[in-house]
Amino acid sequence: MKKLLTTLFVLSLAVPFVNAVEKENINVSYAGQKTVNRNMNGQLWLDTDGNHINAHGGNIIKYKGTYYWYGENRPYRGGTTEAGISVYSSKDLLSWKNEGVALSVSKEAGHDIEKGCIMERPKVLYNKKTKKFVMLFHLELKGRGYEAARVAFAQSDSPVGPFTFIRSTRINAGKWPFNMSDSEIEEAKTTDAAKWKDWWTPEWMAETKKGMYLWRDMKGGQMSRDMTLYTDDDGKVYHITSSQENLTLLISELTDDYLDYTGKYVMVAPGGQNEAPCIFKKDNKYWMICSGCTGWAPNEARMFVSDNIWGTWKQLPSPFVGVATDYKNMPANKTFGAQGTYIMQVKDRFIFMADIWNPGHLSQSLHLWLPIDFDANGTPVIKWRKDWMEK
Ligand code: DGJ
C-alpha cells in the first residue's frame, strides 16, 4: 500500500513536469522541410534552415493559404541597409522558409535605394484591384542619416517578389489636414520653427501643437519615418506615420492602387512623440499602440482609442502589464524590452508583433509576439507569454 501511494505521489509530480517539457520542445516538422524548434519569446527565432529570422520592423499577410512575413534584412554590423527587405513564407505561422530578398538595394550610385541607404518598417498589402503586392517603407537616403524622412513605394506581381522600386517622397505637400479650420490654419502660419533652438519649453510645445512643423514642411511635404498601414473594413487603406521630427503622427488615406495619397489626412497627438505605430480594430473601436522616441532603447508603450480612423484619438495608459519572466525580467513599462511593429489578426485573436532591438547586431534583434487580451471593459491588455500561442 505504502509503495502504491509513493508511486501515485511521484506520478502526480511528474505530470506537470512532462507537460512543461513538452511545451519547451515542441518540434514542428513538415514534409520536405527540416525539423525546427517552435519559436519562443526571449529566444532567437529560427527559420527552416536554422538561421535567425532576419525580418524586422515588418508585417505579415496571408495570401492563398500562405503567410508572408516581410521585414528589414539587417546586417550583423552597422545600421544601414546592405541587402533590402526580406520575405519568409509559412503555412502555419510557426515554421518559416526564407524566400530571400523581396526588394533589393540598388547598385546604382545616387539611386534612392542605393546600397547603404536605410530601409525601415516595410509593410506589404495585396491590392485586389491591381492584383499587385504593394510595399511601403520608411526610406532614408544614403549618407544622410535620418534627415530625408521619406516614404517609399514598391510593387510586385508575386508575394515573394522581386518588388520593383517605384519612388520615394515626403508626403501631403501643400495640403493641410482636412479637419483643420481656417482659423487654425492661420494660426499655424504665424509659427516659425527656425526661431526655436531650445525644444521642450512650454512656449515651444504650444507652437508645436499649433502646427509649427506642419507649416515648416508644407511646401516640400511632411516628414515620414516609422510607419504602418491599416486596411479598414471598407477596403480603404491608411498610412500612419511619425512625422514632424517624430513629434506628431499623421494618418493619411491612400489612393485605390495604394501608390499615392488622396490628400485627406489628419494629425494625431501633436507634440506627443510617438513612434512605431501599430493599429487594429475590434468591436468598432480603433486601437493604436505606439512607443515613445528613445532610438533603439525600449520605452513605455502608449495606447490610443478612437471610434473613427480620423479621430478624435484619446490617449490611454500602456496596455502592457507584468514582467518578461523569460527575457531579463524586463518590465511592462519598458514594453518587455521591445518596440511594436504590427498587429496581426489571426481568426479572432490579435497578435502584437514587436522587435527587441539589438543595436550592436541588428540582424540578431529578437522577435516578440504576444496575443492581446481584453479586460472586462474591452480594453487591450498585453501580458508576457513565452509562447505566443498560449491562451
Ligand atoms: C526607433 C525606430 O522605431 C526604429 O525603426 C529606428 O528608426 C530607430 N529608432 C533608429 O534609432
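Values reported hereafter were calculated over all heavy atoms of this structure, with side chains retained and with hydrogens, waters and symmetry mates removed. Quick note: residue numbers are just sequence positions, from 1. These numbers come from a predicted model, not from an experiment.
- A distance-only check finds a donor-acceptor pair linking the side chain of S156 to the backbone of S158 [under 3.5 Å].
- The pair E187-K189 fails the salt-bridge criterion, with no side-chain N (NZ, NE, NH1 or NH2) lying under 4.0 Å from an Asp/Glu carboxylate O.
- Residue pairs meeting the salt bridge (charged side-chain N to carboxylate O under 4.0 Å, His left out) criterion with at least one partner in residues 325-337, sequence neighbours excluded, do not occur; the list is empty.
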- prompt: Do N41 and R385 pass the side-chain hydrogen bond (donor to acceptor under 3.5 Å, both in side chains) test, and can you show the C-alpha distance, the side-chain angles, and the key distance before you say yes or no?
  reply: CA-CA 7 Å; N41 287 326; R385 286 167 171 89; over 6 Å; no
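- Judged purely by distance below 3.5 Å, without hydrogens or angles, the side chains of S318 and E300 never pair a donor atom with an acceptor atom.
- By the neighbour-count criterion of 12 heavy atoms within 6.0 Å, atom NZ of K210 is densely surrounded, having more than that number from other residues, nucleotides or ligands.
- In this view, F352 and F320 satisfy the ring-ring contact (aromatic ring centres under 6.0 Å, His included) rule, not counting sequence neighbours.
- Under the 4.5 angstrom side-chain criterion for Ile, Leu, Val, Met, Phe, Trp and Tyr, the cluster partners of W310 are F178, Y230, Y238, I240, L249, I251, V266, V268, I279, Y286, M288, F304, I309, W313.
- Remark: K236 engages no residue in a side-chain hydrogen bond (donor to acceptor under 3.5 Å, both in side chains) (not counting sequence neighbours).
- Taking T190 as the reference, nothing meets the side-chain hydrogen bond (donor to acceptor under 3.5 Å, both in side chains) condition, with sequence neighbours excluded.
- D217 places no side-chain N or O within 3.5 Å of a backbone atom of G220 that could act as its donor or acceptor partner.
- Pairs passing the salt bridge (charged side-chain N to carboxylate O under 4.0 Å, His left out) check and including a residue from residues 139-155, sequence neighbours excluded, read D112-R150, E114-K142, E140-R225, R144-E147.
- Grouping Ile, Leu, Val, Met, Phe, Trp and Tyr by side-chain contacts under 4.5 Å, direct or through others, puts Y213 with W196, W199, W200, W204, M205, M212, L247.
- In this structure, K264 places its NZ atom where more than 12 heavy-atom neighbours from other residues, nucleotides or ligands lie under 6.0 Å away.
- By the side-chain hydrogen bond (donor to acceptor under 3.5 Å, both in side chains) test, Q155 is found to be paired with no residue, residues two or more places apart in sequence or in another chain being considered.
- With T335 contributing its side chain and A301 its backbone, the two residues share a donor-acceptor pair below 3.5 Å.
- Under the salt bridge (charged side-chain N to carboxylate O under 4.0 Å, His left out) criterion, the residue pairs touching residues 243-253 are R216-E245, with sequence neighbours excluded.
- In this structure, D257 contributes its side chain and L259 its backbone to a donor-acceptor pair below 3.5 Å.
- Residue pairs meeting the salt bridge (charged side-chain N to carboxylate O under 4.0 Å, His left out) criterion with at least one member in residues 61-75, sequence neighbours excluded, are E72-R74, R74-E120.
- Side-chain contact, N246 with Q273: no donor N or O sits under 3.5 Å from an acceptor N or O.
- Annotation: the span from N54 atom CG to I85 atom CD1 amounts to 10.0 Å, rounded to 0.5 Å.
- When W69, Y88, Y70 are each tested for a ring-ring contact (aromatic ring centres under 6.0 Å, His included) with W96, only one passes: W69.
- Note on ring orientation: taking the six-membered ring where Trp is involved, the planes of Y126 and Y63 are tilted (angle from 30° to 60°).
- Chaining together hydrophobic side chains whose heavy atoms lie under 4.5 Å apart leaves V101 on its own.
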- prompt: Could you walk me through whether H239 and Y258 pass the ring pair (Phe, Tyr, Trp, His ring centres under 6.0 Å) check?
  reply: CA-CA 9 Å; H239 175 230; Y258 310 163; over 10 Å; no
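- Legend: residues meeting salt bridge (Lys or Arg N to Asp or Glu O under 4.0 Å) with D192, ordered by chain and number and at least two apart, are absent.
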